[in-house]
Amino acid sequence: MTSSNSAQAPGLVRRRVAAGATAALLGLAVAVGSGLASPASADEPATLTGIILGVGANESQRTVTWYSSADTAQKVQLVPTTQIVNGEFPADAATFDATGAANIATSGGFNRHATISSLKEDTAYSYRVGSEGNWSPTYSFKTQDFEGDYDFLFFGDPQIGSSGDVAKDGAGWVDTLNVATAANPNAELLVSGGDQVETANTETQWNAFLASDKLRQYPWAATIGNHDVGGKAYEQHFTTPNTDRTAPYYDNGNPAGTKSGGDYWYIYKDVLFIDLNSNSYNSANGGGDAAHIGFVTDVINKHGNEAKWKVLTYHHAIYSPADHAKDSDNKVRRVDFPTVFSKLGVDLVLQGHDHSYSRSYLIKNGEKQNPEEQPGAADVYPGPGGVLYVTGNSASGSKYYDITAPDNSGTSGAGNGADPLNPNSYWYNSVQNQEHVRTYVKVQVRDDKLVVENVRSGTCAAPNASVEKGNWCNNTPENQPVGSLVDKVTVHPYHGDGQALQVNVPNVAPGEFGWTIDGYNGLVDLGTAKETNGDHFEAAGFINPITVSDSRRSLSPWSVSASVSDFQDADKKFSGSLLGWTPKVLDSGAGAKASDSVASGYDDQGQGLSVSRGLGYGEQGHPRGDAKLGADLHLKMPDTVQKGGYRATLTITALSS
């Protein structure tokens, strides 16, 4: 089949787009350069270089970008790897037409990019770029399940060339990619913190950045750093999905000028990612922080309910520990961004720029959310509005910044004062680290938690360009080897006063429909559903116990009731009426009696637990004491329910006279 980047191919509407919503156009890619000085003649085949796999608008897409020495019609050819025989693509292999333009003079040649669409889950694919008779080498990638848990990797500032030795910087970057993907072969995204290179339009640095085949096997989600923004090579090498390239998102207000820019977003499984060009912070061009805030607000308002988590990425770290911690522009961002991010329900912010690692305390509205949160806490509970900010250290070893000291400028807002619990650190940072050792960040996305780990990808030994050139290093390989953790934190989301119910609907063999619920952090496990009578499925579980304490002298009656919302995964849902229960008294006391059973609406066409139903009660004159109430849950549902990760909330109400 043939697909064009200029319009969305049929059947690509994202599963999570709300009914009636318009799907965004998908024309993305990521490109790489070779520094070609002039195009090839018409009689010579085009030289194809700098191929890179990029992130698409959702998990069923990838982009591919490359440089060409000739201005010719080209495409991406794609096929499931199992269909390649003796290295040959079958005649009916899918093709996706490429678009592009001439590169700037210092890059030479032309750029091309295409969007691969309609990918199937759990499939190994092979691809190549070019045209008939002039194909590139073949590369491969693998899709995984389009629902459920996954991991992605975040990389701070490779900044190839910043040590003054491109080869050494490139060697460190390649080694980090090798270490990270070897340890996490099923990671699904590689996310950039910006500053891919030292000098924006120097193609020798881009070549070293793009040298690893890992960037042709795992999709790269690019971010513009201050060292990338000064030229057009960034836009030649990377095309990003759902990108706003209007004037407010360029630091010079001129998309047609000599700089790169743009804000973009995409959804990958259960995460809404939003990427900002933080170089544009001057409002003089009608852009700046206000424009970014408008972009983030608009995207979350339109698409926030299509994902369970919200992750922002931009280059300039606003909560970092080193040379840039007190930069005037970051102090402005530190005032402009946090309150909006808290109100919009952002979960995690990934940043670069300061070439050191930090993990913030949970920040709400520009202040530490909980003054009692301890430095280095292994588990954090954001509550409404708490946001975790992470700064990535150098992924290549080309440059490190040393941690700086707090001052007396305050412990909120733009201040850089000391942490009362750890006076050597800034007030906003739970963890600060600089060993002059390469690291990367691993993020585990789970139904009901995010796990963030900072992982060593090197030691003091080479490849580590900054240290090789005489910088200090503080690392003992026997105790801090490659793969060891600098830091780890688990973020548990806020569920309010109710109980969150999680239901996953996976692919299953014919005749069986799988149900699982993560019991972690209060989720309720309904087990695995079994097909019954060939037309519906049943699952069972029990709620977390409810404790009732009544020490009143009046001995007045009391009752506890609950109702459940619809089970929903973005635009897919089924009614809470399909859930019923049988209340129980687990521990007697306070005169507790169990309320009547409620049938699933599947059985009696009723409302089930979609309306408030009694769980237990105590009558007038009951003795004082404590009781514990529970309930067996029974869920019956038709076999037409679509695959997905469904959640519902059980809202509990206690009444007393």
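Since the structure is predicted, the reported quantities are computational estimates derived from the model, not experimental observations. Position 1 is the first residue of the sequence; numbering continues from there.
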query: Are Tyr234 and Val229 close enough that some pair of their side-chain heavy atoms sits under 4.5 Å apart?
result: no
- prompt: Is the closest side-chain heavy-atom distance between Leu119 and Leu78 below 4.5 Å?
  reply: yes
statement: The residue among Thr223, Asp195, Asn279 that forms side-chain hydrogen bond (donor to acceptor under 3.5 Å, both in side chains) with His315 is Asp195
query: Is there a side-chain contact between Leu53 and Tyr139 (heavy atoms, below 4.5 Å)?
result: no
- request: Hey, could you give me the CD/CD distance between Glu132 and Gln77, rounded to the nearest 0.5 Å?
  value: 6.0 Å
message: To check you understand the geometry: which heavy-atom pair defines the closest contact between Asn58 and Arg62, and what is its length?
response: O-NH1, 4.5 Å
- prompt: Can you find a heavy atom in the side chain of Leu153 that is under 4.5 Å from one in the side chain of Lys442?
  reply: yes
- prompt: Is any side-chain heavy atom of Tyr67 closer than 4.5 Å to a side-chain heavy atom of Gln236?
  reply: yes
task: Check Ser396 against Asp157 and note the closest heavy-atom contact, atom names and distance.
output: OG-O, 4.2 Å
- line: CG (Leu276) and CG (Asp244) are apart, to the nearest 0.5 Å, by 11.0 Å
- prompt: Hey, mind stepping through Arg245 and Thr240 against side-chain contact (heavy atoms from CB on, under 4.5 Å) and telling me if it holds?
  reply: CA-CA 10 Å; Arg245 295 195 184 279; Thr240 50; 3.7 Å; yes
task: Answer whether the closest heavy-atom distance between the side chains of Leu344 and Thr297 falls below 4.5 Å.
output: yes
- line: Rounded to the nearest 0.5 Å, the OH atom of Tyr389 sits from the OG atom of Ser358 at a distance of 12.0 Å
message: Could you check whether Thr202 and Glu198, counting side-chain N and O atoms only, form a donor-acceptor pair closer than 3.5 Å?
response: no
query: Quick one: are Asp263 and Ile274 in side-chain contact, heavy atoms under 4.5 Å?
result: no
For His324, the option from His316, His355, His353 that meets ring pair (Phe, Tyr, Trp, His ring centres under 6.0 Å): His353
field: Ionic contact status for Arg112 with Asp71, cut-off 4.0 Å
entry: yes
query: Should Val441 and Glu453 be marked as a side-chain contact (heavy atoms from CB on, under 4.5 Å) after you check the CA-CA gap, both sets of side-chain angles, and the distance that decides it?
result: CA-CA 6 Å; Val441 173; Glu453 300 174 321; over 6 Å; no
Result of checking Phe152, Tyr264, Tyr314 against Phe273 for ring pair (Phe, Tyr, Trp, His ring centres under 6.0 Å): Phe152
message: I'd like to know if the side chain of Thr199 pairs up with that of His227 as donor and acceptor (distance under 3.5 Å, no hydrogens or angles considered).
response: no
field: Glu121 (side chain) donor-acceptor with Phe146 (main chain) under 3.5 angstrom
entry: yes
Tyr281 atom OH, over 12 foreign heavy atoms within 6.0 Å: no
- prompt: Of the non-hydrogen atoms in Pro158 and Gly194, which two are nearest, and what is the gap between them?
  reply: CD-O, 3.9 Å
query: Any donor-acceptor pair under 3.5 Å linking the side chain of Tyr125 with the backbone of Lys120?
result: yes
message: Just checking Lys259: does its NZ atom have more than 12 heavy atoms from other residues, nucleotides or ligands closer to it than 6.0 angstrom?
response: yes
message: Go through it in stages, so that I can follow the logic: the residues are Thr95 and Phe89, the test is side-chain contact (heavy atoms from CB on, under 4.5 Å), and I'd like the CA-CA distance, side-chain angles, deciding distance and then a yes or no.
response: CA-CA 11 Å; Thr95 60; Phe89 280 59; over 6 Å; no
- prompt: Testing Asn454, Asn393, Asn184 for side-chain hydrogen bond (donor to acceptor under 3.5 Å, both in side chains) with Tyr440, which one passes?
  reply: Asn184
message: Salt bridge check, Glu147 against Lys643: does any charged N sit closer than 4.0 Å to a carboxylate O?
response: no
- request: State, to 0.1 Å, how close Lys269 and Ile267 come at their nearest heavy-atom pair, and which atoms those are.
  value: O-CG2, 3.5 Å
- request: Could you walk me through whether Gln61 and Tyr266 pass the side-chain hydrogen bond (donor to acceptor under 3.5 Å, both in side chains) test, one step at a time?
  value: CA-CA 11 Å; Gln61 295 187 346; Tyr266 59 99; over 6 Å; no
- prompt: Say you draw a straight line from CG of Asp270 to CG of Asp149; how long is it, rounded to the nearest 0.5 Å?
  reply: 8.5 Å
statement: In short, ring pair (Phe, Tyr, Trp, His ring centres under 6.0 Å) pairs touching residues 165-185 with sequence neighbours left out are Phe155-Trp173, Trp173-Phe209, Trp173-Trp220
message: For the CG atom of Leu350 and the OG1 atom of Thr313, what is their distance to the nearest 0.5 Å?
response: 5.0 Å
- request: Taking Asn134 for its side chain and Ser131 for its backbone only, find out whether a donor-acceptor pair lies under 3.5 Å.
  value: no
task: Give a yes or no answer on whether the side chain of Ser260 reaches the backbone of Gly231 with a donor-acceptor pair at less than 3.5 Å.
output: yes
query: Going by atom types alone, do Ser68 and Gln74 pair a side-chain donor with an acceptor below 3.5 Å?
result: yes
field: Partners passing side-chain hydrogen bond (donor to acceptor under 3.5 Å, both in side chains) against Lys142 (at least two apart in sequence or in another chain)
entry: none
field: SB check Asp336 Arg333 (cutoff 4.0 Å)
entry: no
- request: Without swapping roles, check the side chain of Asn464 against the backbone of His436 for a donor-acceptor pair under 3.5 Å.
  value: yes
- prompt: Which heavy atom in Ser212 sits nearest to a heavy atom in Val174, and how many Å separate them?
  reply: CB-CG2, 4.2 Å
message: Testing the basics here: between Ser107 and Glu203, what is the closest heavy-atom pair and its distance to 0.1 Å?
response: OG-OE2, 2.7 Å
N/O donor-acceptor pair under 3.5 Å between Trp206 side chain and Ala200 backbone: yes
message: Can a donor-acceptor pair be found, under 3.5 Å and without considering hydrogens, that links the side chain of His292 to the backbone of Ser280?
response: yes
task: Determine the sole option in Asp165, Asn471, Asp169 for which the side-chain hydrogen bond (donor to acceptor under 3.5 Å, both in side chains) test with Ser466 is passed.
output: Asn471
query: Donor-acceptor pair, Asp228 side chain versus Ile224 backbone, under 3.5 Å?
result: no
- prompt: How long is the span from the CG atom in Asp354 to the CD1 atom in Ile318, to the nearest 0.5 Å?
  reply: 12.5 Å
- request: Report yes or no: do Tyr150 and Glu59 form a side-chain donor-acceptor pair below 3.5 Å?
  value: no
- request: Indicate whether the side chain of Ser398 and that of Ser163 have a donor and an acceptor atom separated by less than 3.5 Å.
  value: no
field: Main-chain N/O of Gly397 paired with Arg438 side-chain donor or acceptor, under 3.5 Å
entry: no
- prompt: Stepwise, does the side-chain contact (heavy atoms from CB on, under 4.5 Å) test hold for Val311 with Val191?
  reply: CA-CA 11 Å; Val311 175; Val191 179; over 6 Å; no
query: Any sub-3.5 Å donor-acceptor pair from Asp151's side-chain atoms to Ala187's backbone N or O?
result: no
task: Determine whether Tyr249 and Thr243 make a side-chain contact, defined as any pair of heavy atoms from C-beta on separated by less than 4.5 Å.
output: no
